[in-house]
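What follows is a single structure, written as structure tokens, with notes after it.
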Protein chains: 2
Amino acid sequence: MTSHVPHPVRTARTPRAPRAPRSDACDNRARILDAARAVFGEQGLGAPMREVARHAEVGPATLYRHFPTKQALLAETFAEQRRACHGAVRDALADEDPWDGFRSLIERICELHAHSRGFADAFMTAFPEAMDFAADRERTLLAVRELARRAQETGRLRPGFVVDDLILMLMAHRGLQDAPRAARVQASRRFAAYVIEAFGATEGEAEARTPLPPAPRLRLSQPPSSP
Amino acid sequence: MTSHVPHPVRTARTPRAPRAPRSDACDNRARILDAARAVFGEQGLGAPMREVARHAEVGPATLYRHFPTKQALLAETFAEQRRACHGAVRDALADEDPWDGFRSLIERICELHAHSRGFADAFMTAFPEAMDFAADRERTLLAVRELARRAQETGRLRPGFVVDDLILMLMAHRGLQDAPRAARVQASRRFAAYVIEAFGATEGEAEARTPLPPAPRLRLSQPPSSP
DNA sequence: AACGTAACGGACGCTCCCGTCCGTTTGGCT
DNA sequence: AGCCAAACGGACGGGAGCGTCCGTTACGTT
């Protein structure tokens with residue numbers, strides 16, 4: 001059953017009467033999203049919904065009215081940073097030097113993930129298929145693949161590199177989120193620098209390096225759950 | 001009140017009568033530890049105690065009698081792998097080529113962590129000070145520092161390296177534990193290979209590389225908790 | 001100013017997990 | 001064989017988190 005239908009019938013054929021939301025509702029919605037960014041960014045996805053509610057100075061029911069489930073809230077919360085990620089890829093592709101673009105892509109994504117603990121989780125774990133992350137993730141990965149191809153052509157990106165290596169490093173980067181808050185950003189930056197060096201080709205000898213072990217197929221990971 | 005004192009007084013001065021444990025008790029204890037290794041290794045530290053109990057075919061009470069708390073069980077469960085970690089450091093120090101030792105150390109630690117999801121968590125998060133991880137961790141880190149110093153003297157380990165970089169990479173490696181089980185070991189190996197390359201010095205120019213951003217001080221991280 | 005309803009929030013039910021209690025079983029010693 | 005305590009395990013209490021119900025508040029429209 002769909003609750004109790006607040007408005008009787010809405011005058012014959014009115015497709016939907018959005019009836020602009022009330023001012024306090026808008027206000028609360030905005031404050032909830034701010035709080036969610038702060039709380040999930042600080043404590044990770046495990047933070048309780050009530051923590052967000054308290055931080056936004058609303059009751060739990062209000063929170064759940066605006067966002068029917070936790071995942072719905074998370075999706076909205078990180079939409080902006082998701083766009084920033086796409087933007088980073090777009091900028092990297094636009095860079096006239098593909099290797100510079102590649103490097104700055106790694107730096108920017110790491111920075112984005114480092115600034116919000118929850119975003120790294122949400123971005124990587126890609127849980128149940130909620131949040132349409134998965135969808136545009138594939139699209140984005142295709143763009144990254146193109147970028148990598150170009151960077152390899154310049155000889156600056158090592159030949160053995162595959163896109164799964166980027167995912168590998170982003171998953172690994174997620175592990176840094178458990179570092180004490182003070183060290184997080186610094187750790188992220190140093191990690192990014194090391195990663196870039198590892199991905200770079202050695203100047204002189206393009207092939208003489210010890211070969212890497214085979215790359216795993218990563219793409220989507222599922223959250224810990226069992227029958 | 002200490003329950004109801006099963007044995008009246010134990011004949012004057014008997015310091016302790018260990019009275020060898022019963023056979024079924026030994027048996028259960030062993031099965032519990034096996035189950036714990038399997039369950040925590042597969043599902044991580046978050047796995048419920050009852051899951052371990054079910055897997056060991058004992059009741060929850062039996063489990064808690066043998067190991068009064070979850071952390072106690074975890075400490076015992078991973079004691080062996082902890083020893084293996086120390087062994088890896090010892091072997092690395094014993095290697096006549098410090099750089100080879102350093103490389104194999106990274107490979108072995110990564111392998112150890114990759115084979116047991118729970119161990120990586122237990123090893124890195126180092127929660128509340130339970131499990132005496134913290135104690136010998138410091139001792140081990142000192143040994144690693146010595147190893148690194150020697151490896152740097154040979155010119156194979158880059159000059160900018162500090163021990164915190166190893167911790168950084170181990171924390172990062174922990175992020176790989178969320179990969180699908182099938183890909184985990186492969187991912188770990190490839191990651192280790194990349195890390196080794198990143199830590200290596202470039203043959204010709206020992207100094208001309210772009211400098212790394214400053215290293216964060218990591219050492220101990222605390223689990224997510226706030227006042 | 002007065003009214004109808006969107007919006008609010010405290011209190012509740014539900015599930016999951018840790019750790020404990022107590023009546024029952026069983027190993028091992030005589 | 002018989003005894004007794006060591007060991008077992010089902011059932012319980014307590015706490016935390018997600019999502020919902022319903023009486024109350026206050027926005028905005030007339």
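In the text below, chain A, chain B and the rest are named by the order of the sequence lines, each starting its count at 1.
One can place CZ of B:R22 at 10 Å from C1' of D:dC4, the figure rounded to the nearest angstrom. Distance CE (B:M49) to P (C:dC17): 13 Å, rounded to an integer number of Å.
Within the 4.0 Å cut-off from OP1 or OP2 of D:dC18, not a single side-chain nitrogen or oxygen of A:T69 is found.
Using bins of under 30°, 30° to 60° and over 60° for the plane-to-plane angle, the ring pair B:F78/B:F40 lands in the tilted bin.
Distance from the side chain of A:P21 is smallest for C:dA7 among the nucleotides C:dA7, D:dC18, C:dG19. Comparing D:dG17, C:dG28, C:dA6 by their closest approach to the side chain of A:P48 singles out D:dG17. Of the listed nucleotides (C:dC17, D:dA11, D:dC18), D:dA11 has the atom at the smallest distance from the side chain of B:R50.
Contacts of A:E57 classified as side chain to side chain contact (heavy atoms under 4.5 Å, CB included), with partners at least two apart in sequence or in another chain: A:R31. Judged as a side chain to side chain contact (heavy atoms under 4.5 Å, CB included), and not counting sequence neighbours, the contacts of A:R90 are A:H86.
DNA chain C is contacted by A:A25, A:N28 of residues 25-34 of chain A, taking any non-hydrogen atom closer than 4.0 Å. For the segment residues 54-66 of chain B, residues with any heavy atom less than 4.0 angstrom from an atom of DNA chain C are, sorted by number, B:A61, B:Y64.
Each of B:V39, B:T77, B:V58 was scored for a side-chain contact (heavy atoms from CB on, under 4.5 Å) with B:V52, with one residue passing: B:V39.
The number of heavy atoms from other shown groups lying within 6.0 Å of CD (B:E80) does not exceed 12.
The list of salt bridge (Lys or Arg N to Asp or Glu O under 4.0 Å) pairs with a residue in residues 35-47 of chain A, not counting sequence neighbours, reads A:D34-A:R37, A:E42-A:R181.
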Taking only distance into account, with no hydrogens and no angle test, what donor-acceptor pairs under 3.5 Å do side-chain atoms of residues 165-173 of chain B form with protein atoms, sequence neighbours excluded?
from: B:D165; atom 1: OD1; to: A:R190; atom 2: NE; distance (Å): 2.6
from: B:D165; atom 1: OD2; to: A:R190; atom 2: NE; distance (Å): 3.3
from: B:D165; atom 1: OD2; to: A:R190; atom 2: NH2; distance (Å): 2.7
from: B:D165; atom 1: OD2; to: A:Y194; atom 2: OH; distance (Å): 2.8
from: B:D165; atom 1: OD2; to: B:V162; atom 2: N; distance (Å): 3.2
from: B:H173; atom 1: NE2; to: B:S188; atom 2: OG; distance (Å): 2.7

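B:A47 comes within 4.0 angstrom of sugar-phosphate atoms only, judged by non-hydrogen atoms across all strands, and of no base.
Atom CD1 in B:I106 sits 9.0 Å away from atom CZ in B:F191 (nearest 0.5 Å).
Using modelled atom types, no side-chain atom of B:S116 and backbone atom of B:H113 make a donor-acceptor pair closer than 3.5 Å.
Mapped onto DNA chain C by nearest heavy atom, B:D24 and B:P68 fall at different nucleotides, with B:P68 at the one closer to the 5' end.
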